[in-house]
Amino acid sequence: MKKLQQLYEGKAKKVFATDDPEAYIVEYKDDATAFNGLKKGTINEKGIINNRVSNHLMKMLESHGIPTHLIKELSDRETLVKKVTIVPLEVIVRNIAAGSLSKRLGLPEGKKLAKTVLEYSYKDDALGDPMVNDYHVYAMELATPEELATIAGYAFKINELLTNYLKDLNIELIDFKLEFGKTSDGTIILADEISPDTCRFWDSVTGEKLDKDRFRRDLGNVEGAYQEIMKRLLGE
Ligand code: TMP
């Protein structure tokens, strides 16, 4: 597999073409941003941890019938993935109130939600990723009703699978963000990453935050939290 030219550089990853027209290489960086890029920093070894954690979780999801972009982990920071066109939506699932939901609706962080919440944000940095509903999605032709139904179905199933998997590791899944992509034949698959950058993980015994909120909120021991997640998931 040949790594060819860089196609895209995001806030946390770079994407490269390969000699396979149906595959890309994703390379994870240590760069961290928050508040739409306003706060910038680095988290030592984050790229390595997120690459390995995301692949580990995607493998688990694949084994339970969720199609993902994962082909093969190539190195500490690099993964071969299926080429997709990203559906420009951040798909957010919430079990417990936290973050922007708490702020917007005045719900205390940590309050269990009586029903799982599914939200969509339109992926557009210039607009600050505004929240949209299904009508906006169809009006802007971001996805068809059939595609959005598939995405929502996968999001709830992933929530169930991840919640149960993490429970055994004493990790409570508060909320998380997913991105989906479309392969050249139009199939919707899970893409992007699942990591402490994109999930809220709380220790189920102590309540300690083990995710990017430590960086966003200057809580200290950011690296320690990422290492702890890798240790619990991968045993190292
Ligand atoms: P929020 O409470 O700030 O809306 O975040 C909800 C979830 O989405 C949380 O697990 C963190 C994740 N997230 C991202 O992955 N990327 C983002 O840009 C934002 C704002 C949140």
Side-chain angles (χ1 to χ4, degrees), residues 8-13 26 28-41 43 46-47 49-51 53-54 57-58 61 68-69 86-113 115-133 136 151-152 154-156 158-163 165-166 171-181 190-204 207-219 222 225-226 228-229 233:
Y8 171 80
E9 177 161 8
K11 290 188 274 248
K13 298 188 283 298
V26 173
Y28 286 73
K29 308 190 286 184
D30 287 350
D31 299 349
T33 62
F35 316 118
N36 201 15
L38 236 56
K39 181 182 171 84
K40 287 192 177 71
I43 301 172
K46 173 171 86 78
I49 294 172
N50 285 2
N51 184 38
V53 163
S54 186
L57 291 174
M58 289 216 189
L61 295 172
T68 79
H69 71 171
I86 292 286
V87 176
L89 290 174
E90 299 205 334
V91 178
I92 296 163
V93 181
R94 301 179 185 270
N95 298 306
I96 308 258
S100 69
L101 182 81
S102 288
K103 216 179 213 170
R104 191 156 24 89
L105 300 181
L107 299 174
E109 280 213 322
K111 183 180 168 50
K112 169 112 180 76
L113 299 166
K115 191 169 176 10
T116 303
V117 169
L118 180 65
E119 289 173 4
Y120 305 112
S121 294
Y122 174 43
K123 258 176 78 73
D124 186 313
D125 282 342
L127 297 175
D129 297 339
M131 191 191 286
V132 292
N133 67 24
H136 299 108
I151 287 171
Y154 285 152
F156 284 119
I158 290 167
N159 183 42
E160 217 178 283
L161 292 165
L162 280 182
T163 298
Y165 178 77
L166 294 168
I171 298 166
E172 192 169 14
L173 182 61
I174 306 303
D175 56 33
F176 57 97
K177 184 266 297 181
L178 303 171
E179 292 181 27
F180 292 85
L190 179 65
D192 194 54
E193 66 179 277
I194 306 178
S195 73
D197 270 18
T198 63
C199 302
R200 285 195 172 92
F201 295 136
W202 293 2
D203 184 290
S204 33
E208 190 188 356
K209 292 179 176 32
L210 297 172
D211 56 59
K212 196 178 170 190
D213 270 350
R214 302 204 73 83
F215 169 79
R216 296 186 187 102
R217 302 178 187 189
D218 296 319
L219 299 176
V222 182
Y226 280 73
E228 179 63 24
I229 289 297
L233 267 68

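Numbering of ligands and ligand atoms starts at 1, following listing order. Values reported hereafter were calculated over all heavy atoms of this structure, with side chains retained and with hydrogens, waters and symmetry mates removed.
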- Could you give me the CA-CA distance, side-chain angles and deciding distance for S100 and R94, then say whether side-chain hydrogen bond (donor to acceptor under 3.5 Å, both in side chains) is met? CA-CA 11 Å; S100 69; R94 301 179 185 270; 3.0 Å; yes

Between [X] and [Y] (salt bridge meaning N to carboxylate O under 4.0 Å), is one present in this structure?
| X | Y | value |
| --- | --- | --- |
| R200 | D211 | no |
| K123 | D192 | no |
| E109 | R217 | yes |

- Message: As a check for students: among R200, K103, K177, identify the option with a heavy atom nearest to atom 3 (O) of ligand 1.
- Response: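 Heavy atom nearest to atom 3 (O) of ligand 1 belongs to R200.
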
- Task: Counting heavy atoms only, name the option from E119, E90, K212 that's nearest to atom 18 (O) of ligand 1.
- Result: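 Closest candidate by heavy-atom distance is E90.
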
Indicate, as side chain, backbone, both or neither, the part of [X] found under 4.0 angstrom from ligand 1 when only non-hydrogen atoms are considered.
| X | result |
| --- | --- |
| R94 | side chain |
| C199 | backbone |
| D197 | backbone |

- Any idea which protein heavy atom is nearest atom 7 (C) of ligand 1, and the distance to it?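 The closest one turns out to be D175 OD1, 3.6 Å.
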
- Task: For atom 1 (P) of ligand 1, grab the closest protein heavy atom and report residue, atom and distance to one decimal in Å.
- Result: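 Looking at atom 1 (P) of ligand 1, the protein heavy atom closest to it is S100 OG, 3.4 Å.
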
- Strictly by modelled atom types, are N50 and Y226 linked by a side-chain donor-acceptor pair under 3.5 Å?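 There is no such pair between these side chains.
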
Hey, which atoms in ligand 1 end up nearer than 4.0 Å to a heavy atom of [X]?
| X | answer |
| --- | --- |
| G99 | 2 (O) |
| F176 | 10 (O) |
| R216 | 11 (C) |

- Between D129 and ligand 1, is there a nitrogen or oxygen pair with a distance under 3.5 Å?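 No, no N or O pair falls under 3.5 Å.
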
- Item | Protein contact for atom 11 (C) of ligand 1 (heavy atom, distance under 4.0 Å) |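 Within 4.0 Å of atom 11 (C) of ligand 1, protein heavy atoms are found.
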
- Got more than 12 heavy atoms from elsewhere within 6.0 Å of NZ, K39?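 More than 12 within 6.0 Å, yes.
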
- Item | Partners meeting side-chain hydrogen bond (donor to acceptor under 3.5 Å, both in side chains) with N159 (sequence neighbours left out) |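 Testing N159 for side-chain hydrogen bond (donor to acceptor under 3.5 Å, both in side chains), a comparison that skips the adjacent residues, returns N95, T163.
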
- Query: Residues in side chain to side chain contact (heavy atoms under 4.5 Å, CB included) with N133, at least two apart?
  - Reply: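 N133: side chain to side chain contact (heavy atoms under 4.5 Å, CB included) contacts with Y135, H136.
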
